[in-house]
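Residue numbering restarts at 1 for every chain, and letters A, B, ... go by the order of the sequence lines.
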Number of protein chains: 2
Amino acid sequence: MNPVIANASFDIDKARETFREYLTGKGLRITNQRLAIFEAAFKHSEHFTAEDLLVHAREIDRSVSRATVYRTLPILTESELVREIDVGRDYKFYLASRGSHIEKAQVVDVESDKIYEIDAPFLEWYARSIAEKVGLEPISQRLQVQARPIRRKDDSKEG
Amino acid sequence: MNPVIANASFDIDKARETFREYLTGKGLRITNQRLAIFEAAFKHSEHFTAEDLLVHAREIDRSVSRATVYRTLPILTESELVREIDVGRDYKFYLASRGSHIEKAQVVDVESDKIYEIDAPFLEWYARSIAEKVGLEPISQRLQVQARPIRRKDDSKEG
DNA sequence: TTGGTTGCAAACAATTTGCATCTAA
DNA sequence: TTAGATGCAAATTGTTTGCAACCAA
């Protein structure tokens with residue numbers, strides 16, 4: 001409800017520095033293509049696909065190829081700079097991590113196809129209580145809700 | 001914890017009848033291939049893939065093709081006789097519905113690759129409370145937990 | 001210098017589809 | 001009889017990979 005406050009402290013320069021350090025720490029090289037892909041990911045304020053990322057990265061560096069986008073995405077997700085979101089379609093979405101470590105649930109409006117990221121503060125706790133039933137501890141969890149606009153009683157139209 | 005009790009009342013004959021009625025009600029034909037696929041789905045006591053289903057359906061009716069399996073799965077899921085489970089791999093799992101309408105969460109043990117179906121009685125309520133934040137009402141929800149065996153403090157081994 | 005990185009195009013793999021043939025009702 | 005269903009093989013589609021050229025360190 002107050003994204004301005006949540007994002008006020010987000011610093012893309014810090015994120016970029018984290019990315020460079022992550023690459024160096026893993027013995028990976030800092031290439032123009034990887035930097036362009038990073039910038040494109042953080043330019044997006046919404047969910048994006050690999051294809052979206054390719055288009056935007058190319059606006060920064062014409063030489064970026066689809067293969068490099070697909071090879072760079074795992075680096076971005078492993079470093080936790082980007083979150084991967086799979087809502088069961090035939091392609092994945094990604095979202096730049098901008099601070100806020102509160103777990104999110106995805107609500108997919110099936111009528112508009114829009115995906116909402118909603119704070120789900122109890123999700124981690126709930127996932128833990130469920131995993132413990134089979135002697136496991138959570139690594140990650142996701143809650144996805146397929147939903148539609150709330151219908152008033154007197155709405156009778158279909159499709 | 002007590003699957004025997006939970007399944008004691010499950011009646012495959014009733015499910016088969018529901019399937020036949022569903023087909024008829026939709027103006028679809030009752031074919032040997034569809035019946036074989038139904039039987040194969042309910043013969044499985046665990047999650048299965050489309051490919052698993054093809055193999056088992058062919059043991060019942062040699063003429064079943066992969067295309068028919070893929071064309072029949074949506075009928076089985078729409079009729080709610082089978083649940084579709086997408087845990088973010090490149091293929092989907094399915095599970096015959098055997099009574100019990102309690103919502104389930106999936107816990108995926110990343111070390112054994114096993115998928116556990118765990119009762120998650122608050123899931124529907126929680127999903128509703130989240131969807132309502134953006135003025136939507138849930139159609140369905142899923143909670144998935146990637147997890148690993150609980151590590152004792154003194155376990156220091158990695159991978 | 002040189003081993004990691006790249007673009008390209010071919011390869012992959014799960015799923016879908018066009019079409020001639022078949023069959024349930 | 002005939003509209004719906006089928007098997008087959010080709011097509012589709014997001015993603016991955018082999019390889020020779022390239023370039024960051």
[X] has an atom [atom1]; how far is it from atom [atom2] of [N], in whole Å?
{"X": "A:Leu54", "N": "C:dC8", "atom1": "CG", "atom2": "P", "answer": "10 Å"}
{"X": "A:Asn32", "N": "C:dT5", "atom1": "CG", "atom2": "P", "answer": "14 Å"}
{"X": "B:Asp90", "N": "D:dT16", "atom1": "CG", "atom2": "C1'", "answer": "11 Å"}
{"X": "A:Ile75", "N": "D:dT16", "atom1": "CD1", "atom2": "P", "answer": "13 Å"}
{"X": "A:Arg66", "N": "D:dT17", "atom1": "CZ", "atom2": "C1'", "answer": "15 Å"}
{"X": "B:Leu35", "N": "D:dA5", "atom1": "CG", "atom2": "P", "answer": "13 Å"}
{"X": "B:Gln33", "N": "C:dC22", "atom1": "CD", "atom2": "C1'", "answer": "10 Å"}
{"X": "B:Arg20", "N": "C:dA24", "atom1": "CZ", "atom2": "C1'", "answer": "12 Å"}

Should the pair B:Arg148-B:Asp109 be classified as a salt bridge under the 4.0 Å nitrogen-to-oxygen rule?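 No salt bridge links B:Arg148 with B:Asp109.
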
A:Ile75 reachable from A:Phe48 in the ILVMFWY side-chain graph, under 4.5 Å edges: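 Same cluster.
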
So, is [X] near the phosphate of [N], with a side-chain N or O under 4.0 Å from OP1 or OP2?
{"X": "B:Tyr70", "N": "C:dT15", "value": "yes"}
{"X": "A:Arg34", "N": "C:dT6", "value": "yes"}
{"X": "B:Thr31", "N": "D:dT6", "value": "yes"}

Considering only side-chain heavy atoms of [X], which listed nucleotide, [options], is closest?
{"X": "A:Ala67", "options": "D:dT17, C:dT6, D:dC8", "value": "D:dT17"}
{"X": "B:Arg29", "options": "C:dC8, D:dT6, D:dG4", "value": "D:dG4"}
{"X": "B:Ser65", "options": "D:dC8, C:dC8, C:dA25", "value": "D:dC8"}

Can you classify the ring geometry of A:Phe19 versus A:Phe38 as parallel (below 30°), tilted (30 to 60°) or perpendicular (above 60°)?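 The rings of A:Phe19 and A:Phe38 lie parallel, inter-plane angle below 30°.
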
Determine the interplanar angle of the A:Phe42 and A:Phe10 rings, folded into 0 to 90°, and report it as parallel if under 30°, tilted if 30 to 60°, perpendicular if over 60°.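 A:Phe42 and A:Phe10: parallel rings.
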
Answer yes or no: is there a side-chain heavy-atom contact under 4.5 Å between A:Asp86 and A:Arg142?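 Answer yes - side chains close enough.
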
D:dA5 base / B:Arg71 side chain donor-acceptor hit below 3.5 Å: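 Answer is no: no donor-acceptor pair is held.
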
